[in-house]
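Within every chain, numbering begins at 1; the chains are lettered A, B, ... in the order of the sequence lines, protein sequences first and strands thereafter.
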Number of protein chains: 2
Amino acid sequence: MEKQTVTIYDVAHKANVSMATVSRVVNGNSNVKPNTRNKVLDVINQLKYHPNAVARGLASKKTTTVGVIIPDVTDMYFASLARGIDDIAAMYKYNIILANSDGKEGKEIHVLNTLLAKQVDGIIFMGNNITDKLRKQFQSTSVPIVLAGSVDIKETEPSINIDYIKAVSEAVNDLVQNGNQKIAFISGPLNQDINSKYRLKGYRYALSKNHITYDQQLVYGIKHSDDLYKVGEKLAQSLIDNHITAAIISDDELAVGVLNGMKAHNVKIPQDFEIITSNDTKLTRMVRPQLSSITQPLYDIGAVAMRLLTKIMDNKKIDDKNILLHYRLVKRDSTK
Amino acid sequence: MEKQTVTIYDVAHKANVSMATVSRVVNGNSNVKPNTRNKVLDVINQLKYHPNAVARGLASKKTTTVGVIIPDVTDMYFASLARGIDDIAAMYKYNIILANSDGKEGKEIHVLNTLLAKQVDGIIFMGNNITDKLRKQFQSTSVPIVLAGSVDIKETEPSINIDYIKAVSEAVNDLVQNGNQKIAFISGPLNQDINSKYRLKGYRYALSKNHITYDQQLVYGIKHSDDLYKVGEKLAQSLIDNHITAAIISDDELAVGVLNGMKAHNVKIPQDFEIITSNDTKLTRMVRPQLSSITQPLYDIGAVAMRLLTKIMDNKKIDDKNILLHYRLVKRDSTK
DNA sequence: TTGAAAGCGCTAACAT
DNA sequence: ATGTTAGCGCTTTCAA
């Protein structure tokens, strides 16, 4: 007793019209007499007809689905962007195919290709580093791609970000104003552009502005790890040994780790050690003391990225292709 | 200069074979002479041919994509399941269309139907409550559905869960053993079966086992809210006013809220107030004191759900359709 | 305003 | 081992 699928043909037949007409009413084409429209609509309801999106996709060359490449859904930062993406996608009647990449180039490329094979109308890419190989892949397809919360130093693809350089620089400057001289820079791997070419640059800029000499020793580029929290926790000892009194940290989980690690060593936050973190995920408000942070409009980064993508997919011309959204510095209790 | 798509026909033509043969090599059919296989493979590489998954889907009636309905990707509990789902999906060469529902019946049904229109081969549903309407929708399609981390009191669909009744009951029993008589039950809305028919049942069972009379006053059914954390924080006052000394809480964010709320009122955890939470997301380890919790194998719930779904999609017969995975009680620092 | 018909790119019998 | 061919269910000219 297999479920017999009802097709556009069945509807056309029963309603005594052509498939073309049924197609027109289904797609809201106005060139249909109200009378016939209603007749067709009736039959559609009777037969419980549901258009087959795959057939439609083949015929029209549009699937109304976009691919979303994400390092890890479980990462609050990217999950927040993803939520913004999906909401706007839904608003524009798109669905998203979500694929985790673990931020590994190999997986990213693999998944990009399967997404393209599935004929997605567009792609939103999130990742910590755009390698040359990846950039080449992006350029070899005509499917529009937008980067969300991810920098491409060459800016070959449209992107939505905040100004990481300025944000970090401001944060570090604040830390200096609070009297800190030995400020750690703690981020993900330094071979990732976002860390070395943006955040670290902001850090160095703020230091030089304040006539503090840059000290390599204070720069912690964390190798990628499953559990950034744990890494942060263990980092505390080294921070203490180096007589560091403050840190700008690029990831909230990492920052929470450092926070707890320091507390475990009886270091008082913020009296003896100040922390500013970078992503302002809800985590920052759940720990004590609450973490001061660069605020990013996470949801909006995703939302704006998706909106931009729809524009490009519709061949509308766009003014800015590399958009920087506003950030702020939120002082909570991990800074003086 | 539009990108000319190369089709199976182009490959067949250039390789001097039929489309069928190309199709065979692409799909790894063994009925091809190594010689011709290589010839075809060569042409595929030269032409950079990539099979069109949409056309394939239409012809074969399989899309190798499954729909995943999730309340909110931003919720650590569901995000963890989603990660398990995607990993196993990828392993079986499936992609997932992820759709947020906010746990609203209307959205759930809507999104279910668009997923079906897209001809997904299967669906994994996550949600806090299976209403009659939803159950009816599930039953009206022949597309296999598996529930992940979501109970259906009628067990009409296959599902992966833990034994919430036993888990909560054990947790509450522990709390009693620690000397607590006034134990709060704090969960999501009580009109959701998972709360009223499972968790609350476990709570009541443990109480009666210990000859403690059930007190309605101690039951907090939190209406759905955007920010459970905040709600938890505010709950503290009421908890104190009611002279409650312990709580079993069904959501980690909520539990963190309660924890911080109590601390803000100078209540010592766990000396004056004990907390056991339920989902064991990484949050539990990031707060201080760390939260004791029912441990759920979150990733595995998703992974097992997806594996089960692949079996059903392959028409393999399955032994258990309502699977309960193991849970444990992890004592951390929010209990004595 | 409506219909006829040619694909969209592929798979899956069925032949050979 | 390989080829032929008829769809899969829809959109989209083009004509009427």
task = For atom NZ of B:Lys321, decide whether the heavy atoms of other residues, nucleotides or ligands shown that lie under 6.0 angstrom number more than 12.
result = yes
message = In the structure I gave you, are the side-chain heavy atoms of B:Tyr49 and B:Ile8 within less than 4.5 Å of one another anywhere?
response = yes
ask   = Checking all strands, does A:Asn16 fall into the base, sugar-phosphate, or nothing category for heavy-atom contacts under 4.0 angstrom?
value = sugar-phosphate
query = Does B:Arg135 use its side chain to pair, donor to acceptor, with the backbone of B:Ile130 at less than 3.5 Å?
reply = yes
inquiry  = Take a 6.0 Å sphere around NZ of B:Lys311 and say whether it holds more than 12 heavy atoms from other residues, nucleotides or ligands.
reply    = no
message = Is it the case that atom CG in B:Asn45 sees more than 12 heavy atoms from other parts of the structure closer than 6.0 Å?
response = yes
ask   = When you check the side-chain N and O atoms of A:Asn95 and A:Thr65, is any donor under 3.5 Å from an acceptor?
value = no
request  = Any salt bridge (charged side-chain N to carboxylate O under 4.0 Å, His left out) involving residues 71-91 of chain A? Give me the pairs, sequence neighbours left out, ordered by first then second residue.
outcome  = A:Asp72-B:Arg83, A:Arg83-A:Asp87, A:Arg83-B:Asp72, A:Arg83-B:Asp102
query = Between which nucleotides of DNA chain D, 5' to 3', does chain B make heavy-atom contacts below 4.0 Å?
reply = D:dA1 to D:dG9
key: Criterion side-chain hydrogen bond (donor to acceptor under 3.5 Å, both in side chains) against B:Thr131, the qualifying member of B:Gln137, B:Glu108, B:Glu105, B:Lys136   = B:Glu105
Contact state string [nucleotides 6-16 of chain C, B base, S sugar-phosphate only, - no protein heavy atom under 4.0 Å] = -BBBBBB----
